[in-house]
Amino acid sequence: MSDTKVLRLVKKSEGGLPEKAFTAKAVARAEPKPAPAPAIRPAPQPRPQKQQKPRERESPKLSREQMLQIFGTMYRSRRLDDKEIQMKGQNRIFFQISGAGHEAILVAAGMCLKPGHDWFYPYYRDRALCLQLGMTPLEMLLSSVGAEADPNSHGRQMPSHWGHRKLNIVSQSSPTGTQLLQAVGCAEAGYRVKLIKDLKRRIKKFHNDEVVYVSLGDGTTSEGEFWEALNTACNLKLPVVFLVEDNGYAISVPVEVQTAGGDVSRLVKGFPNLFVQRCDGTDPLESLATMRRAVENCRRNRGPSFVHAKVIRPYSHSLSDDEKLYRADEERTSDAERDPIKRFGARLIDEGVIDQDGLQKLKDEIDQEVNDAADAALASAQPATDTATAFVYSPDVDPTSTDFDTEEKVELSGNPGTMVDLINRCLHTEMKRDPRVVVFGEDVADCSREKSLDKVKGKGGVFKVTANLQREFGSARAFNSPLAEANIVGRAIGMATRGMKPVVEIQFFDYIWPAMHQIRNELALMRWRSANEFSAPVVMRVPVGGYLKGGAVYHSQSGVSTFTQIPGLRVVYPSNALDANGLLRTSIRCDDPVLFLEHKHLYRQAYNKSPYPGDEFMVPFGKAKTVREGTDLSIITYGALVQRSLVAAKEADKQGISVEIIDLRTLSPYDWNAVAESVKKTSRVIVAHEDSLSWGYGAEIAARISNELFEYLDAPVRRVAALDTFVAYAPQLEDAILPQSVDVLAAINELHRY
């Protein structure tokens, strides 16, 4: 068929196509009309918002081959869904969630973006996008059967959790919306490459016109992180394309219940720098024109784009769901009439692009391709069981090794500094050493309004730990974030995935919980779930602990056991200035995510000061420190309890009791060998910590001692900890709630008498 004939065929039809040849210029002349809401939905249909008309540009015309390729990818996506459903029914795979009904907008998105050049944060409906970018049916079905050769996760995640290193598809997880802030952080990495001298040569695969794609369903727009992501993307004018694939339902909850007014694009239109577009996402040609405008807007660095695509969901949410329980037959029938496969196939025939026999032949070829891929996937090997713990941590950089141990060679110089001083100095030297290091969080900058920087002393954090970083390294490397903890950690993950080294601050441990999704399900899991295809070595600095006199409930928490039980996350807790300097340097130079806990009470204590140890001083993880030798009894502790234990031990010494004190310094990993040696030496042990007694950190240490060292014990393992309550404001109550030196001394005497 000639190109001239093809151009005649692509004429005005039910999708609102222009009569002229299909080009971006031609289709862009009229904004798409929103589909009418089904009668059963009470939310009124909003009027389409006015958009600034984009500058018209000619685009390559679609050939017959391109038209058929669009249909072929859409049909291939649907048949892969169907094949997985069949295999699930045969108990040959274990989960299925489809992208049916979303194929048209996703193929269009893939045609406008560049695999291996742009970056992609898809969600589980995005099968057609991944096919268009270059993922093969076999690669998708390898994921379905949990094969080791699966490039998405090597058998570690459910099917349709996309990830492909070569294509720049970043490993996706199950929680809805957590990918949004990471996508913003990924785009922000490119933004900062342009601002920071010497960074471009350190960041691989950077392109001046790169775009970050992130997709979500209409239900995810109810998540707070969706709004946090939009806020930062618009504030920094980042090249992010947000694609909302609105199929009208979040599992069983319809859009009018999820969203005020039933239309999220109306709600976001007030965001500055946001280019908002709407389209019928079941029409591939209208979708292509819309996506071209959205992507072009980002490539020209005009800010983020927001595409609201109306699609359908012809299948249930997943095979664990039955939509017949909550969707009326007439509504499902209405959706079926908008099926993109059916509509576009009919259009190709009606307009003579291909005849019925030719279309059937194309379908048969794809069916055979999918069947062959399924056979190959089912024959593929499963992951070996001994690989289960591989890639929990970096296989290349071991922060517990002697490479990070310079304690014996340390040369101290200068006047003694506090923990604040030595942490601050470490940040300065590491930022000078490595341009990839950026520091951000709430209030960490000296002064965000640079014109006032020379007129003010500068904030530099509520505890002054980040003072003068902005002055020395500029606002591109030390800057304030919104007051949003998930925003801080999520963006940091996206930056770290691109090769940057974010050192972020959560202002108080008590407020870390909004970031818990990002920490537990994203940061700690990125390397393992992708089998080392992606990683996110972020350092989170977090002031923690009580003994403040006035800290009260929300400034005195110490729930470290919540984080030490997370595989993949290193947890560090220094008790003095020297260790804080060395451990922070190790944290920054290692290749794993680190929670670096800084006890607020210890920040400026005179007893834990130290001269400066030098710019290469490091303390390895998992190496405890014997801060006091003893023979009668051991205390295993960390943080603020180290000094309280020392005070108690000195009192016990007056009674003839020799107490040994072990400062763990890092809680995950911890130095079991040091614990075991001390217990074998003294045969009596106390585990002292600031956590609550029940389910606190010491419970694990005590249990392991009882299990593995029982024959060496002359008395039960004793714990000293906080009461099972919260820290109160009144000083007398705070003293009673938190463990004191007198409590440690009482435990020493009781255990010695046993």
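Atom set for the values below is all heavy atoms of this structure, side chains included, hydrogens, waters and symmetry mates excluded.
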Self-check item: salt bridge (Lys or Arg N to Asp or Glu O under 4.0 Å) partner of K623, chosen from D405, D663, D671, D579
Solution: D405
Quiz item: Is the closest side-chain heavy-atom distance between P537 and D592 below 4.5 Å?
Solution: no
Quiz item: If you take all heavy atoms of L569 and S668, which pair is closest and at what distance?
Solution: O-OG, 3.7 Å
Quiz item: So how far is it from F391 CZ to R527 CZ, rounded to the nearest 0.5 Å?
Solution: 9.0 Å
Exercise. Taking the side chain as every heavy atom from C-beta outward, state whether K166 and P151 have any pair of such atoms under 4.5 Å apart.
Key: no
Practice problem: Determine whether F463 and E505 make a side-chain contact, defined as any pair of heavy atoms from C-beta on separated by less than 4.5 Å. | Solution: no
Quiz item: Do the non-hydrogen side-chain atoms of E430 and V439 ever get within less than 4.5 Å of each other?
Solution: no
Exercise. Describe, in one word, how the ring planes of F508 and H555 are oriented to each other, choosing from parallel (under 30°), tilted (30 to 60°) and perpendicular (over 60°).
Key: perpendicular
Quiz item: Atom CD in Q605, atom OG in S575: separation rounded to 0.5 Å?
Solution: 12.0 Å
Exercise. Check whether NZ of the Lys or CZ of the Arg R302 lies under 6.0 Å from the centre of the six-membered ring of F275 and within 45 degrees of that ring's axis.
Key: no
Quiz item: If you round to the nearest 0.5 Å, how far is CZ of R192 from CZ of R477?
Solution: 11.0 Å
Practice problem: State whether the side chain of E223 and the backbone N or O of T220 hold a donor-acceptor pair below 3.5 Å, judged by distance alone. | Solution: no
Quiz item: Is it true that atom NZ of K205 has more than 12 heavy atoms of other residues, nucleotides or ligands lying nearer than 6.0 Å?
Solution: yes
Exercise. Decide if the gap between the ring center of F563 and the ring center of Y573 is smaller than 6.0 angstrom.
Key: no
Quiz prompt | Q565 (side chain) donor-acceptor with T562 (main chain) under 3.5 angstrom | solution = yes
Quiz item: Hey, is the main chain of P669 close enough, under 3.5 Å, to the side chain of T666 for a donor-acceptor pair?
Solution: yes
Exercise. Could you tell me whether R491 sits above the aromatic face of F440, with NZ or CZ closer than 6.0 angstrom to the six-membered ring centre and within 45 degrees of the axis?
Key: yes
Quiz prompt | Expected output: side-chain H154 to main-chain E148 donor-acceptor under 3.5 Å | solution = yes
Practice problem: Using only heavy-atom distances, determine whether the side chains of S174 and H161 contain a donor-acceptor pair under 3.5 Å. | Solution: yes
Quiz item: What do the steps show when you test D403 against R589 for salt bridge (charged side-chain N to carboxylate O under 4.0 Å, His left out), and what is the final call?
Solution: CA-CA 11 Å; D403 292 341; R589 296 189 187 184; over 6 Å; no
Exercise. Could you check Q182, H517, Q179 and say which one makes a side-chain hydrogen bond (donor to acceptor under 3.5 Å, both in side chains) with E522?
Key: Q182
Quiz item: Would a 4.5 Å heavy-atom cut-off, applied to side chains only, mark N415 and K609 as touching?
Solution: no
Practice problem: Find out whether N468 and H428 are in side-chain contact, i.e. whether some heavy atom of one side chain is under 4.5 Å from a heavy atom of the other. | Solution: yes
Quiz item: Considering only heavy atoms from C-beta outward, does the side chain of N301 approach that of K194 to under 4.5 Å?
Solution: yes
Self-check item: pair N168-H117: side-chain heavy atoms closer than 4.5 Å
Solution: no
Quiz item: For the side chain of D446 and the backbone of R471, is there at least one donor-acceptor N/O pair under 3.5 Å apart?
Solution: yes
